[in-house]
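Submitted below is the structure of interest, expressed as structure tokens.
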Amino acid sequence: GVADQTATWMVSLYAIGVIIGRIASGLALDRVQPHIVAMAALGLPAIGYLVFASHITATPLLMAAIMIIGLAQGAESDIGAFLLSRRFPLKNFSLLLSIMTMMIGVGSAAGSLLMSFTLHWGGYVPFLLASAVGTLLGAVLFALTGMKRLREPTHAPTAGSTVAGAELEQAIKGELA
């Protein structure tokens with residue numbers, strides 16, 4: 001453990017990380033491919049979890065770990081909302097954002113249950129390791145959102161099909177009125 005005063009500073013660093021994560025992810029989403037921002041911002045906390053799972057006691061490293069976790073916490077809702085607005089029809093945005101927010105709550109509850117079970121198996125280390133793996137898996141899934149679709153067209157293009165195809169794709173995405 002760390003001294004009480006140090007732990008208090010670490011909680012403050014977490015809160016500062018959340019604020020910086022919100023601003024930095026917003027700036028990055030406006031300038032970099034969103035799947036790259038999501039993969040980096042939401043994959044980095046695995047480092048923090050692994051630091052806490054290790055026997056590292058150096059206060060600067062523990063503070064860096066908590067700051068990284070805070071950065072990701074701040075970035076997660078911005079990234080989720082951004083990807084929802086870009087990948088799904090805007091007419092469904094509020095519903096999808098509500099579902100996403102609900103699933104974050106479900107994940108938090110599931111994480112709390114997992115932690116209560118893992119405390120019986122060896123303290124916090126199994127939970128932190130599971131969190132690191134889950135975080136990395138989530139980062140990989142975000143990376144996949146940037147992949148191009150690799151399917152072949154089912155029919156040969158015909159005259160005028162590009163305009164109709166573009167309109168159909170816009171309608172599917174909810175871009176047409």
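What you see is a predicted model; the values in this text were computed from it and never measured.
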One should read off an interatomic distance between T57 OG1 and L62 CG, to the nearest 0.5 angstrom, of 7.0 Å
Would you compute the distance between atom CE of M100 and atom OG of S77 and round it to the nearest 0.5 angstrom? 6.5 Å
Would you list the pairs meeting salt bridge (charged side-chain N to carboxylate O under 4.0 Å, His left out) in which at least one residue belongs to residues 10-25, sequence neighbours left out? R22-D78
Is any side-chain heavy atom of L136 less than 4.5 Å from a side-chain heavy atom of V133? no
Can you confirm whether L83 sits close enough to F142 that some side-chain heavy atom of one is under 4.5 Å from a side-chain heavy atom of the other? yes
Any sub-3.5 Å donor-acceptor pair from T118's side-chain atoms to L114's backbone N or O? yes
Find the distance between CG (N92) and CD1 (I99) and round it off to the nearest 0.5 Å. 9.0 Å
Work out which heavy atom in S25 is nearest to a heavy atom in V37; give both atom names and the distance. O-CG1, 4.4 Å
Give a yes or no on whether L71 and M39 share a hydrophobic cluster (residues Ile, Leu, Val, Met, Phe, Trp, Tyr; joining criterion: side-chain heavy atoms under 4.5 Å apart). no
Between I69 and V125, is there a shared hydrophobic cluster once you connect ILVMFWY residues whose side-chain heavy atoms come closer than 4.5 Å? no
For L42 and A72 the tightest heavy-atom approach is CD2-O, 3.7 Å
Are I56 and F127 grouped together when hydrophobic residues (ILVMFWY) are joined by side-chain heavy atoms under 4.5 angstrom apart? yes
Those residues that, when tested against L50, pass side-chain contact (heavy atoms from CB on, under 4.5 Å) (two or more places apart): L129, A132
Quick one: closest heavy-atom pair of L13 and M67, and the distance? O-SD, 3.3 Å
State the OH-CD1 distance between Y14 and I16, to the nearest 0.5 angstrom. 13.0 Å
Cation-pi, F82 ring and R86 (6.0 angstrom, 45 degrees): yes
Given the rule that I, L, V, M, F, W and Y join up when any side-chain heavy atoms are under 4.5 Å apart, are L97 and L95 in one cluster? no
Rounding to 0.5 Å, atoms CD1 (I23) and CD1 (I19) come to a distance of 7.5 Å
Minimum heavy-atom separation for A46 to T135, with atom names? N-CG2, 3.9 Å
Would you say L61 and L128 are hydrophobically clustered, going by side-chain heavy atoms of ILVMFWY under 4.5 Å? yes
For the pair S12 (side chain) and T8 (backbone), establish whether a donor and an acceptor sit closer than 3.5 Å, ignoring hydrogens and angles. yes
Nearest-0.5 Å distance, CH2 of residue W9 to CD1 of residue I66: 15.0 Å
I want to check something: taking the side chain as every heavy atom from C-beta on, are T59 and M10 in contact at a cut-off of under 4.5 Å? no
Counting neighbours of OH on Y124 that are heavy atoms of other residues, nucleotides or ligands and sit closer than 6.0 Å, is the number greater than 12? no
A41 and I79: which non-hydrogen atoms are nearest, and at how many Å? CB-CD1, 3.8 Å
Exactly one of L90, L84, T101 clears side-chain contact (heavy atoms from CB on, under 4.5 Å) with L96, and that residue is L84
Any chance CG of D30 has more than 12 other-residue heavy atoms, nucleotides or ligands included, within less than 6.0 Å? yes
Looking only at heavy atoms, the pair that brings A65 and F52 closest together is CB-CE1, 3.8 Å
